[in-house]
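Here is the structure we will look at, set down as structure tokens.
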Amino acid sequence: MKYWLAKTEPDVYSIDDLARDGKTLWTAVRNYQARNFLREMKRKDRVLIYHSNAEPPGLAGIAEVSEEDMADPTQFDKAGEYYDPKATREQPRWFCPEVRFVKKLPELVSLDRLRLHKSLVGLLLLQKGSRLSVIPVSKEHFHAMLELSKVK
DNA sequence: GCCAACGTTGGC
DNA sequence: GCCAACGTTGGC
């Protein structure tokens, strides 16, 4: 089982939206490196849900991969913001997993708090200029972040 | 293949 | 709203 971290802007789609929906297609990622990570996600992989462009930014919850490597339907929607004229049904360019809500953290674990923890050194999220919306997370980092989420 | 111009991300 | 740090596009 692998571990991941996926960013979302809570104004657009928050952990509460995922809790309400139960599951959702993780669509609209338009970056090749992130796309390649999305394609590697396998059923049962755990996904930390991170709120970006939020006040404050930080970890909001946990999800689980429920379907692997599907063609992202938003690339075919001509009227949509994420339409890609170069994508075809036969040869899609963009892919997405489906993720299922697992839990909302009792409190958001802020980016500031993550930065304070030596156990998280090397986490891609914390590297300067890291804008990738989907990143792999080591088992150790994943569990370290879960520890931080426990209310003291 | 280079690279300038432009677009996006995301913290602050 | 600003802007650093990217990524993408397209002319050459």
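Not measured: the values here are computed from a predicted model. Per chain, numbering begins at 1; letters A, B, ... match sequence-line order.
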So do [Y] and [X] actually touch side chain to side chain, heavy atoms under 4.5 Å?
{"X": "A:Tyr50", "Y": "A:Ser133", "result": "no"}
{"X": "A:Met70", "Y": "A:Pro97", "result": "no"}
{"X": "A:Arg20", "Y": "A:Phe101", "result": "no"}

What integer distance in Å separates [X]:[atom1] from [N]:[atom2]?
{"X": "A:Asp112", "N": "B:dC12", "atom1": "CG", "atom2": "C1'", "result": "10 Å"}
{"X": "A:Leu111", "N": "B:dT9", "atom1": "CG", "atom2": "P", "result": "18 Å"}
{"X": "A:Lys7", "N": "C:dC6", "atom1": "NZ", "atom2": "P", "result": "12 Å"}
{"X": "A:Tyr82", "N": "B:dG7", "atom1": "OH", "atom2": "C1'", "result": "13 Å"}
{"X": "A:Tyr32", "N": "B:dT8", "atom1": "OH", "atom2": "P", "result": "15 Å"}
{"X": "A:Arg30", "N": "C:dG7", "atom1": "CZ", "atom2": "P", "result": "18 Å"}
{"X": "A:Leu124", "N": "B:dT9", "atom1": "CG", "atom2": "C1'", "result": "15 Å"}
{"X": "A:Asn31", "N": "B:dG7", "atom1": "CG", "atom2": "P", "result": "18 Å"}

* **Side-chain donor or acceptor of A:His51 paired with backbone N/O of A:Asp11 under 3.5 Å** =>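 Pair absent, no side-chain N/O of A:His51 close to backbone of A:Asp11.
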* Backbone N or O of A:Tyr82 within a donor-acceptor pair of the A:Arg30 side chain at under 3.5 Å? ->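 Checking the backbone N and O of A:Tyr82 against the side chain of A:Arg30, a donor-acceptor pair under 3.5 Å is found.
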* With respect to the phosphate group of B:dG11, does any side-chain polar atom (N or O) of A:Tyr50 fall under 4.0 Å of OP1 or OP2? ->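 The answer is yes; a side-chain N or O of A:Tyr50 sits under 4.0 Å from OP1 or OP2.
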* Asked: Toward the 5' end of DNA chain C, which comes first, A:Arg93 or A:Lys128, by nearest nucleotide?
  ->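 It is A:Lys128 whose nearest nucleotide is closer to the 5' end.
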* Does a distance-only test, which skips hydrogens and angles, find a donor-acceptor pair under 3.5 Å between the side chain of A:Arg131 and the base of B:dT8? ->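 Present.
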Detail all sub-3.5 Å separations between protein N/O atoms and N/O atoms belonging to nucleotides 3-5 of chain B.
none

* Does A:Phe95 have A:Arg39 sitting over its ring (NZ/CZ under 6.0 Å from centre, angle to axis within 45°)? ->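 Judged by the rule, A:Arg39 and A:Phe95 form a cation-pi pair.
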* To do: Compute the centroid of each ring, for A:His141 and then for A:Tyr3, and state whether the two points are separated by less than 6.0 Å.
  =>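 That pair fails the under 6.0 Å test.
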